[in-house]
Amino acid sequence: MADIFISYKREDQEEHGRVRPIAEALRAEGYDVFYDVQVPPGSSWEDVLQSKINAARAVIVLWSAHSVGSDWVKEEAEMAKHAGKLIPVFLDAVPPPFGFARIEGANLVDWDGDLTHIEWKNLVAAIKTRIGDGEKDIQPGLTRVAYQPSKTVTVTKAAPKKGGGGVLKALAAVVALAVVGGLGLVGYSLVQQNGMLKNQAEDAAFDAAMTRSIDERAWADAKTADTIEAYEKYLSLRATGAYRADAVARIEELKAEAEERPAPANEGTVTAVVNPAIRDAIAGRQLTAEAPETVQISPAVREAIASNGLVGLAVDLGESCRDYGTDWEVRQEQGRWKLWGSNRRTVIEFPNQAEAERGVEILQKLGVNNYCTVGAEFRYFKAGNTLPTGALGNEDCTTIQRDRLGYKVAGGRHLVMNGDASMIAMRTETEAQKALTILRGLGAAELCYLGRPGPSLTYLKR
């Protein structure tokens with residue numbers, strides 16, 4: 001089993017020789033590295049690729065001018081992202097493909113084989129955080145690996161640096177990388193048509209285009225969540241963005257809808273603040289009248305449990321849900337398959353017709369109406385105020401071990417853990433803890449997916 005799988009576009013090795021030095025440098029650090037996929041006779045590329053990524057402990061994706069447009073590299077990156085193994089590395093100063101902009105990567109744009117280079121050391125530190133030390137012997141005293149690209153590689157924008165303000169700040173910097181005579185000479189300057197200075201108006205146009213692209217992605221995330229908090233977050237990030245007026249208008253709509261919505265009935269509910277252990281036990285019907293010695297509950301709550309009179313919990317899970325009705329349908333618009341609710345609002349998009357039809361079938365059979373989100377990463381549906389139940393057949397579901405739900409940080413990612421396996425990757429600790437609270441509070445027993453890797457639809461069941 002290889003420690004590290006390297007995903008790259010062949011031009012970066014065959015034309016520029018930029019992959020092998022990285023592999024050799026990682027081997028010098030004691031890691032077993034795999035980067036040249038060979039497909040045995042009788043095997044499919046997809047099966048071999050999936051098995052290699054599954055076997056690797058970490059997957060390094062080399063983003064370059066070539067690879068950002070490669071469907072294969074993006075597919076490998078999506079597999080690694082879903083498995084919680086992705087470590088991005090930038091060879092050229094290019095914006096990463098859609099869906100990967102928020103994942104920080106090591107900046108090796110000006111790396112020339114120097115193992116003491118700060119970004120190389122950052123990359124090694126990220127790997128060690130993710131998988132620990134390599135199992136092979138390191139090469140002590142080695143400070144450089146051979147790095148002699150065979151052709152000139154020119155880039156005009158700086159790649160993202162760790163802690164440097166993200167993609168926008170990196171794209172705003174103007175960087176020229178010239179590999180001269182194979183010696184790795186790095187120059188930071190404006191480059192014109194004669195090879196020395198670049199037209200400033202062209203730079204400004206490029207920066208403006210990148211800003212619009214990132215703004216569109218941020219707006220898409222806000223629309224997906226469709227909550228007041230999501231739109232306010234968009235406004236805080238993009239105060240002058242093209243969609244500012246739309247965000248302000250949508251916030252007002254959501255506030256008006258919240259005021260019109262009747263308060264939930266609480267009749268027959270014992271008002272009690274309970275800890276997650278008690279909440280889980282009640283949801284699983286495992287809490288008897290005799291409270292465990294280590295759990296303190298009031299006599300009123302104990303009596304309600306004993307008499308089966310506890311019909312609800314006055315516990316605010318902090319959910320962000322919207323009622324879309326139960327008349328789910330799919331519409332094709334400009335080549336895209338979109339899921340619509342009864343309120344005529346788009347919920348999600350599917351990559352193809354077959355997946356869209358299967359998604360609608362699942363939602364209709366489950367009888368769900370509420371679509372809920374935590375950030376942009378965790379999405380689920382509810383039937384009224386509870387999670388749906390029932391086996392539909394041919395489902396891709398993961399059993400949730402509620403007594404082993406947890407949280408950890410790995411490689412800068414905030415992971416909701418299901419036992420020893422990563423189940424959901426959130427952007428912040430706050431969002432990860434909120435997802436944990438909801439999973440426990442709703443008594444979630446399964447997390448199901450449609451279309452892995454990179455599922456278009458996820459749903460919880462109890």
Side-chain angles (χ1 to χ4, degrees), residues 102 217-238 243 246-266 276 279 283 312-326 328 338-349 359 363 366-388 400 405 407 414-416 423-444 447-449 455-462:
R102 294 184 182 85
R217 291 200 290 270
W219 174 245
D221 286 344
K223 286 205 302 180
T224 297
D226 198 34
T227 64
I228 293 174
E229 294 79 6
Y231 290 115
E232 288 178 339
K233 182 176 181 180
Y234 170 79
L235 290 176
S236 70
L237 295 174
R238 306 280 170 233
Y243 303 102
D246 293 335
V248 172
R250 185 63 186 134
I251 287 173
E252 293 305 315
E253 287 181 12
L254 290 172
K255 287 181 177 179
E257 291 173 4
E259 291 176 356
E260 295 173 0
R261 194 176 301 127
N266 203 31
R279 189 185 306 129
L313 287 174
V315 177
D316 182 8
L317 299 179
E319 295 180 88
S320 178
C321 300
R322 182 179 178 83
D323 189 347
Y324 282 81
T326 56
W328 301 101
K338 299 183 178 182
L339 174 67
W340 281 58
S342 304
N343 58 4
R344 294 298 177 260
R345 288 191 178 276
T346 302
V347 182
I348 56 176
E349 291 186 4
L363 299 180
L366 292 176
V368 297
N369 62 303
N370 282 312
Y371 178 59
C372 310
T373 60
V374 179
E377 289 77 15
F378 182 32
R379 309 170 186 179
Y380 59 99
F381 294 82
K382 293 172 66 177
N385 293 322
T386 63
L387 295 179
I400 297 175
L405 285 172
Y407 161 79
H414 301 271
L415 305 178
V416 175
M423 185 166 61
I424 309 168
M426 306 300 292
R427 300 181 195 175
T428 66
E429 179 179 358
T430 300
E431 290 183 346
Q433 294 293 356
K434 183 175 181 179
L436 272 173
T437 298
I438 289 171
L439 288 168
R440 290 167 173 158
L442 294 178
L447 176 60
C448 304
Y449 310 85
S456 57
L457 177 69
T458 58
Y459 55 100
L460 293 172
K461 295 199 299 184
R462 60 182 175 89

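- Residue Cys372 comes nearest to Glu319 through the heavy atom pair SG-OE1, 4.4 Å, listed as atom of the first residue, atom of the second, then distance.
- Formation of a donor-acceptor pair under 3.5 Å by the Thr326 side chain with backbone atoms of Gly367 is not found in this model.
- Contact detail for Gly384 and Asn369: the closest heavy-atom pair is N-OD1, 2.8 Å.
- Across all their heavy atoms, Met423 and Leu405 have their closest contact at CE-CD2, 3.8 Å.
- Rounded to the nearest 0.5 Å, atoms OG1 (Thr437) and CG (Leu442) are 10.0 Å apart.
- In this structure, Leu439 and Leu447 have side chains that are not in contact, with every pair of non-hydrogen atoms separated by 4.5 Å or more.
- Shortest non-hydrogen contact noted between Val374 and Ala435 is CG1-N, 4.4 Å.
- In this structure, Glu431 and Thr428 approach most closely via the heavy-atom pair N-OG1, 3.1 Å.
- Taking CG from Leu363 and CD1 from Ile348, the interatomic distance works out to 7.0 Å, rounded to the nearest 0.5 Å.
- Side-chain rings of Tyr380 and Tyr459 stay apart, their centers remaining 6.0 Å or farther from each other.
- Using modelled atom types, one side-chain atom of Trp328 and one backbone atom of Val368 make a donor-acceptor pair closer than 3.5 Å.
- Note that NZ of Lys382 and CG of Leu366 are 14.5 Å apart. Values are rounded to the nearest 0.5 Å.
- The minimum heavy-atom distance between Ala247 and Leu235, with the atom names listed, is CB-CD2, 3.7 Å.
- Below 30°, between 30° and 60°, or above 60°: for Tyr407 and His414 the angle between ring planes is below 30°, a parallel geometry.
- Judged purely by atom type and a 3.5 angstrom limit, Arg462 uses its side chain to pair as donor or acceptor with the backbone of Leu387.
- Side-chain contact check for Tyr231 and Asp226: at least one donor-acceptor pair (N or O, by modelled atom type) lies under 3.5 Å.
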